[in-house]
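Have a look at the structure below before the remarks.
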Amino acid sequence: MFIFVLQAVWLYISELAGKDLDALLVLKFLWLYSPKIMPLVLPLSILVTSLMVFGNFAEKYEFAAMKSTGISLQRAMRSLMVFIFLLAIVAFYFANNVIPYSEYKWQNLRRNIQQFSPSMVIAEGQFTEVGDINIKVAEKYGDNDEFLKEVIIHKKDPEQRAGNYTVMVSETGELTSEEGSNTLSLILRDGNYYDEIQSTDFKKQRRKPFAKSYFEELTINIDLTELNKQDLDKDNEYSNQNMFKVNELLVEIDSLGDSYGKDLIAFHDNMYYRSGISKFNTSVVKKVEAPKNIGNITSIYPEKRQAEIIQMSLNNVRGSIQSIEGKKKEFQRKTKRINKYEIALHEKFALGVACIILFFVGAPLGAIIRKGGMGLPMVIAIVLFLTYHFIGIFAKNSAEDGTISPFIATWISTIIMLPLGIWLTYRATTDQGVFDIDSFTQRIGRIFGKKKIVAIETEEAPILLTQQEKATLSTKSEHQLKDIVKNYRQYNYSEDMKRGALRELKAKGYTEEQLKFSGDFENITYTNASNALHSFSSNSKKALSFYIISILALAGMIYFNNVKMELSDVLKTTSDILQVGSILLFYTFVIRALIAHSKFKKIIGKEQDVSVWILFLVLGPAIYIFLHFSVKKNLKEELAVVN
């Protein structure tokens, strides 16, 4: 709240500064402004705090302690879930009652402040309106800035037509006023007075006559009675879509919709009668068989009438086009106004739902990343919220001009976050990470791939393996087989793959006693290096996926930027967001892959090559596909030497 209120200070500092306002009035201005930023503050606060709290729980092994006593993640979240649902109801009440009232009071206070004490706002280097004059000064000085240099004044004359016909220029000036007086005296010294003469004779007026006079001292008295009567608590007749409750918005939308429909019907009837079609009465006009090969329709009229008919037709078409263009802008303004009211209606409900969904995004994500405090959780929360907020902003801007439905525009960011919240809750409940590309590709392969299953009979249940898995086991060394037994879950292998590896080890002469302690390996270096290689491969695959997505998003951005279609702006904006997000995730997984690469080199006793970091970080966005496969191949060759 402090951050967003501070932003308001910077936004409206020009309206508050230099008007001799007391501190209580400024605080009142900010107090009335603060409720309107609650739709931004509340969802972001819930996202940040849920990430921090559940991140702290996971980081300090509180969840491990809970699970050891039989408490699931859902049960741990139960009390907070009840609180969030109650908070969502309060948020709807706040959006429906408090925000409209504060918006009305804030807009009125803002308008009243704009008219408050204008005699204090004579700024240097720009024209300022004070009473019936516009004054510009080059410099102000003195204890109270009462002395002026290079004064230029344009004086209005309500008896003459609009314009500045009286100009006064002086070297110096001084502002004086008695305490409690409503009169401000402006004393000008050493200046000239120019007055343009208005003549009814056109010939004389073309010569632009004017009168010029010189003065040593000239006093101008400005009456501030009306200006100083400004009531800061005065309620003006001012309204917009943010000042209405739900029931009032429904009435306004119906009223605006009916008015808009009547205008469309009236315009339709006007264009219909204007076209002249209504003059043709089919019951009166006799049906005459048209001559064959008529050619030009005007040829049936005399030559003198042909030109008149064509000119009348052109004038009629031009008038119709002009009328349509004028009405088009008017209807666009009315459509935009109706859409704004519909957006304001849905926003009142979307605030509470957003609080619930962002909680189910932040809480499980904090449990997954296992990091609390103000560091990483704050960064993740801001990235997620900016994504949520920008999608909503772009969608609402598109909805105002009718590109998309106001309903979809208001709810699209929430709808996008809903599956993310469900997915993260599922991942956190099942103790899985955020991303698992290998598991995903394996599932796709099981769905679309035609793999023949081979059953290996054993004393216990048969081992079910694919031909590829069976061939893989036959080519593995003892250390690699032991690695599969120990880390088969990490490699996303099945239980049958582990049993197959145990069977191969048993065939190589290992006893049952040795196999029970499958974690006791002779070549620890190979196992650790293999784990580091797997970490590099996994993160590099994820980076490769986001690299491809960023290329597709860039192509979409270029394409929609050059193609004119109904949703081109929305699709271009979506491509921009997708490209930025994919690039950020690409570099995140590239850095994680490089860390695993360094760890691999350290385990096998080789020095880390700095050029690899430079290649990945600098040339990665251009040739990452080649880097991924070439570096991965080199690491596998080095691992084979270790084995």
May I ask you to test the Ile99-Pro39 pair for a side-chain heavy-atom distance under 4.5 Å?
-> yes
CG (Asn56) and CD (Glu62) are apart, to the nearest 0.5 Å, by 9.5 Å
Identify, with sequence neighbours excluded, every residue that meets side chain to side chain donor-acceptor pair (under 3.5 Å) alongside Lys340.
-> none
Decide yes or no on side chain to side chain contact (heavy atoms under 4.5 Å, CB included) for Leu384 and Leu420, but give the supporting numbers first.
-> CA-CA 11 Å; Leu384 285 174; Leu420 178 62; 4.2 Å; yes
Going by the angle between their ring planes, with limits at 30° and 60°, are Phe385 and His389 parallel, tilted or perpendicular?
-> parallel
Check whether any side-chain N or O of Ser398 sits under 3.5 Å from a backbone N or O of Phe394 as a donor-acceptor pair, and report yes or no.
-> yes
Stepwise side chain to side chain contact (heavy atoms under 4.5 Å, CB included) check, Met38 with Val98 | CA-CA 10 Å; Met38 192 59 69; Val98 179; over 6 Å; no
Does Lys632 have any side chain to side chain donor-acceptor pair (under 3.5 Å) partners at least two apart in sequence or in another chain, and if so, which?
-> Ser537
Report the relative orientation of the aromatic rings in Phe589 and Phe546; use parallel for angles under 30°, tilted for 30 to 60°, perpendicular for over 60°.
-> parallel
In terms of ring plane angle, is the pair His346 and Trp411 parallel, tilted or perpendicular, where the classes change at 30° and 60°?
-> perpendicular
Yes or no on side chain to side chain contact (heavy atoms under 4.5 Å, CB included) for Thr414 and Leu418, after CA distance, side-chain angles and deciding distance?
-> CA-CA 6 Å; Thr414 307; Leu418 177 60; 5.8 Å; no
The side-chain contact (heavy atoms from CB on, under 4.5 Å) partner of Val580 among Ile577, Leu578, Leu584, Ile583 is Leu584
Can you list the residues that meet the ring pair (Phe, Tyr, Trp, His ring centres under 6.0 Å) rule with Phe536, with sequence neighbours excluded?
-> His597
Kindly compute the distance separating CG (Asn247) from CG (Asn96), expressed to the nearest 0.5 Å.
-> 7.0 Å
Out of curiosity, Lys542 NZ to Arg592 CZ, how far, rounded to the nearest 0.5 Å?
-> 5.5 Å
With a 4.5 Å limit on heavy-atom distance, are the side chains of Ser413 and Lys396 in contact?
-> no
Parallel, tilted or perpendicular, as decided by the 30° and 60° cut-offs, for the rings of Tyr547 and Phe586 = tilted
Rounded to the nearest 0.5 Å, what separation is found between the CG atom of Leu358 and the OH atom of Tyr388?
-> 6.0 Å
Show your working on side chain to side chain contact (heavy atoms under 4.5 Å, CB included) between Phe85 and Ile356 and close with a plain yes or no.
-> CA-CA 7 Å; Phe85 277 100; Ile356 297 173; 3.6 Å; yes
Single hit among Leu6, Leu44, Ile37 for side-chain contact (heavy atoms from CB on, under 4.5 Å) with Met1 | Ile37
To the nearest 0.5 angstrom, please state how far the CZ atom of Phe94 sits from the CG atom of Leu351.
-> 9.0 Å
First locate atom OG of Ser102, then atom NZ of Lys105, and finally report the distance between them rounded to the nearest 0.5 Å.
-> 11.0 Å
